Undergrad: 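There's a structure below that I have some questions on.
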Amino acid sequence: MAINASKSLGDRLSEAPNARTWIGGVSVVLFLAAWQVIGANEIVRSDLISYPGEIAAAAYDLASSGELGANALTTLREFAQGFAPAILAGILLGLGFALSRLARSLFEPLFVAMYTAPLIAFVPLLVVWFGVGSTSKAVTTFLAAVVPIAINTTTGVRETQESWVRALRAFGATRGQIIVKAILPGAMPIIMAGLRLAIGRAIVGVIAAEMYVSTSGVGRMIQTYSTAGRAAEIFVLVGEVSGFGFMCVWLLRRLENRLAPWRARA
Amino acid sequence: MNEKFAQVALGALGFILLIGAWELAARNGLANPVVVSSPARIAAAFARQWASGDLFADLETSAIEFAIGYGLAIVVGVVLGLAMGLNRIAEYCIDPFIWFIYASPLIAFYPLLIVWLGFGFVTVVTVAFLLSFVSIAINAMAGVHAVDASHMRAVLAFGGTRRDVIFKVILPSSVPHILAGARIGLGRALHGVVLGEMFGSNDGLGYSITRYAAQLKTADVFVPLLTLIVLGVAINQASALLEGRLQSWKRA
């Protein structure tokens with residue numbers, strides 16, 4: 001914010017190379033240090049806030065006992081079982097909505113209603129329908145993910161350049177070729193944005209569904225350690241879930257650069 | 001106008017088709033009405049919950065929790081976002097924490113929140129606040145970053161102070177961004193209320209859903225669930241309208 005002509009110390013600091021990374025890093029380190037001092041010295045009850053040293057120890061214990069790995073695998077499987085079909089169904093539904101006015105008019109309001117409603121409210125019902133096991137979690141993931149993917153596919157396809165479609169048609173392309181060669185690649189960046197939204201919703205959905213009722217999984221672990229009042233373990237598990245989310249978004253970005261390289265250059 | 005009417009009519013037809021198919025399936029034994037319920041059963045459950053006052057009491061609790069949580073989120077989100085937008089050091093310091101709060105499944109902390117804040121009302125308000133303030137803050141910050149520098153230079157050139165720049169240029173021109181963030185925050189706040197009520201309260205629409213589900217009263221589950229869906233859509237539509245109204249100068 002270069003409003004003042006003379007540069008203050010703050011301006012000079014914030015304009016240093018990589019300022020965002022190292023100022024952010026220093027801020028996080030200071031926060032962790034303060035947390036460690038406050039928690040380890042019981043200035044605030046450490047069973048309520050824990051502290052970084054204890055959390056690191058808990059992470060080591062959970063990982064080395066294999067408890068974390070086994071439960072993470074369960075959650076991952078449920079996530080994959082719901083998310084993979086959601087990608088397919090979302091893109092097909094989105095294409096259907098974009099290419100058929102009738103389908104869009106009839107069913108898009110239902111979809112938008114589903115999108116606005118808090119997904120977690122459906123979980124108790126899904127448990128009644130699909131049981132306390134993995135299926136209800138996969139269905140939760142599916143429902144969380146399919147709606148943003150479908151909505152974004154519709155938007156993306158409708159914003160595809162009309163001229164590309166006309167060019168292909170002029171050269172005698174079939175409807176199928178037009179969809180594969182022009183419409184889907186054109187819509188790719190927006191579909192990818194939909195996938196990013198979907199990942200966030202699906203992760204929260206699967207964890208909350210496991211917390212609500214389940215027999216295994218990371219959400220189940222959170223619930224177990226929660227009721228036992230173990231703050232350190234909860235921080236480990238929350239950190240793991242966030243890490244998984246970051247990893248997914250990072251992978252998606254790399255995939256996007258591969259699938260839509262013209263966009264990365266822009 | 002005619003076009004718009006057709007859209008609404010077809011949308012309504014979509015809902016009617018769904019309800020009709022559901023009712024038929026339940027009546028003809030294609031779907032077990034005890035498990036999946038049916039529109040007629042849901043209507044009866046709605047009438048029952050309405051008459052007993054349960055539905056209204058739940059709605060009132062949830063609405064108050066939502067209003068307080070979301071209201072706090074707007075105040076804190078706007079102030080924090082503007083501070084981050086105006087001061088780059090503040091932005092860099094707060095940024096990692098903001099993203100952690102945004103990306104992590106905060107509901108996992110509910111048992112700790114209950115110990116800190118007590119079971120029920122305050123915990124629910126806090127979950128709603130935590131889920132929604134970040135999107136408002138991020139957008140407010142983006143709004144400040146997007147301010148047209150020539151406007152700021154103009155104010156300074158005519159002898160305006162830094163204060164003038166903030167109140168006469170930066171604040172007004174970040175309004176569209178703040179509104180967009182506030183709209184994203186709405187959905188997240190409603191989500192937070194439901195999450196908080198399901199896990200950390202024994203009151204409100206979210207709690208009713210879990211209670212009726214535990215009793216396997218599926219028709220009764222649908223009443224608070226549908227109320228939430230309608231509420232979500234209504235809030236979203238209202239905010240879209242308001243957003244259009246407040247930004248009317250932008251199109252001119």
Side-chain angles (χ1 to χ4, degrees), chain A residues 1-4 10-11 13-15 19-28 31 48-49 102 105-110 112-125 127-129 200 203-204 207-208 211-212 219 222-223 225-227 229 231 234 237-239 241-242 245-246 249, chain B residues 6-7 10-15 17-18 35-36 85-89 91-97 100 103-112 115-116 144 152 156 162 165 187 190-191 193-195 198-199 205-206 209-210 212-214 216 218 221-222 224-225 228-230 232-233 235-236:
Chain A
M1 193 76 4
I3 295 178
N4 294 319
D11 280 336
L13 267 177
S14 64
E15 279 158 17
R20 176 181 291 276
T21 313
W22 65 260
I23 295 180
V26 167
S27 149
V28 170
F31 174 80
L48 294 185
I49 63 162
L102 183 67
S105 306
L106 276 176
F107 298 116
E108 213 181 37
L110 283 170
V112 173
M114 276 286 288
Y115 190 53
T116 329
L119 173 88
I120 186 68
F122 290 89
V123 168
L125 207 55
V127 170
V128 173
W129 292 345
I203 290 176
V204 172
I207 296 296
M211 284 174 67
Y212 177 67
I222 289 175
Q223 191 66 296
Y225 285 110
S226 289
T227 37
I234 299 173
L237 295 167
V238 169
V241 175
S242 317
F246 279 125
V249 171
Chain B
Q7 287 279 332
L10 281 172
L13 184 64
F15 279 99
L17 281 178
L18 178 75
V35 179
V36 301
L86 292 172
N87 183 327
R88 222 178 281 170
I89 303 247
E91 181 198 334
Y92 294 164
C93 286
I94 301 171
D95 200 49
F97 301 99
F100 178 76
S104 57
L106 288 178
I107 191 60
F109 290 112
Y110 86 93
L112 304 178
V115 180
W116 295 332
V144 177
M152 295 196 280
L156 290 173
R162 188 178 159 85
V165 172
L190 191 63
H191 196 163
V193 167
V194 177
L195 271 174
M198 282 176 67
F199 289 102
L205 294 166
I209 291 175
T210 59
Y212 291 127
L216 294 178
T218 25
V221 175
F222 273 104
L225 180 60
L228 275 171
I229 296 176
V230 171
V233 173
I235 291 175
N236 212 35

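Everything numeric here is computed off the predicted structure, so don't read it as measured data.
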Undergrad: Considering only heavy atoms and a distance below 4.5 Å, find which of B:L13, B:I94, B:L195, B:L17 pairs most often with chain A.
TA: B:L195
Undergrad: Measure distances from A:L237 to the heavy atoms of chain B and classify the residue's part below 4.5 Å as side chain, backbone, both or neither.
TA: neither
Undergrad: Under 3.5 Å, side chain of A:S27 to main-chain N/O of A:I23, donor-acceptor pair present?
TA: no
Undergrad: Is any side-chain heavy atom of A:F31 less than 4.5 Å from a side-chain heavy atom of A:V28?
TA: no
Undergrad: Name the region of B:V233, side chain, backbone, both or neither, that has any atom closer than 4.5 Å to a heavy atom of chain A.
TA: both
Undergrad: So, do A:P124 and B:M198 sit near enough that their side-chain heavy atoms are less than 4.5 Å apart?
TA: yes
Undergrad: For B:V35, which atoms come within 4.5 Å of any heavy atom of chain A: side chain, backbone, both, or neither?
TA: both
Undergrad: Heavy-atom pairs under 4.5 Å with chain A - which of B:L225, B:L205, B:D95, B:T218 has more of them than the others?
TA: B:L225
Undergrad: Output the option from B:Y212, B:Y110, B:F15 having the highest count of non-hydrogen pairs under 4.5 Å with chain A.
TA: B:F15
Undergrad: Just give me the residue among B:G11, B:A214, B:A12 that pairs up with chain A most often, heavy atom to heavy atom, under 4.5 Å.
TA: B:G11
Undergrad: Hey, which of A:V26, A:L125, A:V204, A:L119 has the most heavy atom pairs under 4.5 Å with chain B?
TA: A:L125
Undergrad: Decide yes or no on side chain to side chain contact (heavy atoms under 4.5 Å, CB included) for B:I229 and A:T116, but give the supporting numbers first.
TA: CA-CA 7 Å; B:I229 296 176; A:T116 329; over 6 Å; no
Undergrad: Identify which part of A:E108 has an atom lying under 4.5 Å from any heavy atom of chain B, answering side chain, backbone, both or neither.
TA: neither
Undergrad: Taking C-beta and beyond as the side chain, do A:R20 and B:E91 meet within less than 4.5 Å on heavy atoms?
TA: yes
Undergrad: With a 4.5 angstrom heavy-atom cut-off, could you sort out which part of A:I120 is near chain B: side chain, backbone, both or neither?
TA: both
Undergrad: Taking every heavy-atom pair that is under 4.5 Å apart, which of A:V128, A:V241, A:L110 has the most such pairs with chain B?
TA: A:L110
Undergrad: At a heavy-atom separation under 4.5 Å, does B:L112 approach chain A through its side chain, its backbone, both, or neither?
TA: side chain
Undergrad: Looking at A:I222, A:V123, A:V238, which one has more heavy-atom pairs under 4.5 Å with chain B than the rest?
TA: A:V238
Undergrad: Mind checking the CG-CD1 spacing from B:L106 to A:I207? Nearest 0.5 Å is all I need.
TA: 12.5 Å
Undergrad: Between B:G232, B:G206, B:A108, who has the most heavy-atom pairs with chain A when the cutoff is under 4.5 Å?
TA: B:A108
Undergrad: What I'd like to find out is whether the side chain of A:S226 reaches to under 4.5 Å of the side chain of A:I234, using heavy atoms alone.
TA: yes
Undergrad: Can you say whether B:I235 sits under 4.5 Å from chain A via the side chain, the backbone, both, or neither, judging by heavy atoms?
TA: neither
Undergrad: Report yes if some heavy atom in the side chain of B:L18 is under 4.5 Å from a heavy atom in the side chain of A:F107; otherwise report no.
TA: no
Undergrad: Let me know if B:F97 has heavy atoms under 4.5 Å from chain A in its side chain, its backbone, both or neither.
TA: side chain
Undergrad: Please rank B:L216, B:V36, B:N236, B:V193 by heavy-atom pairs under 4.5 Å with chain A and give me the top one.
TA: B:V36
Undergrad: Less than 4.5 Å to any heavy atom of chain A: does that hold for the side chain of B:I209, its backbone, both, or neither?
TA: both
Undergrad: Considering only heavy atoms, which portion of B:V230 lies under 4.5 Å from any heavy atom of chain A: side chain, backbone, both, or neither?
TA: neither
Undergrad: Could you tell me if the side chain of B:F199 sits less than 4.5 Å from the side chain of A:Y212, heavy atoms only?
TA: yes
Undergrad: Side chain, backbone, both or neither: which part of A:Y225 has a non-hydrogen atom closer than 4.5 Å to chain B?
TA: neither
Undergrad: Are the side chains of A:I203 and B:P105 in touch, meaning some heavy atoms are under 4.5 Å apart?
TA: no
Undergrad: Which residue out of A:A117, A:S105, A:P109 racks up the most heavy-atom pairs below 4.5 Å with chain B?
TA: A:S105
Undergrad: Please tell me if the side chains of B:I89 and B:C93 come closer than 4.5 Å, counting only heavy atoms from C-beta onward.
TA: yes
Undergrad: Is it the side chain or the backbone of B:I107 that comes within 4.5 Å of chain A heavy atoms, both, or neither?
TA: both
Undergrad: Can you say whether A:Y115 sits under 4.5 Å from chain B via the side chain, the backbone, both, or neither, judging by heavy atoms?
TA: neither
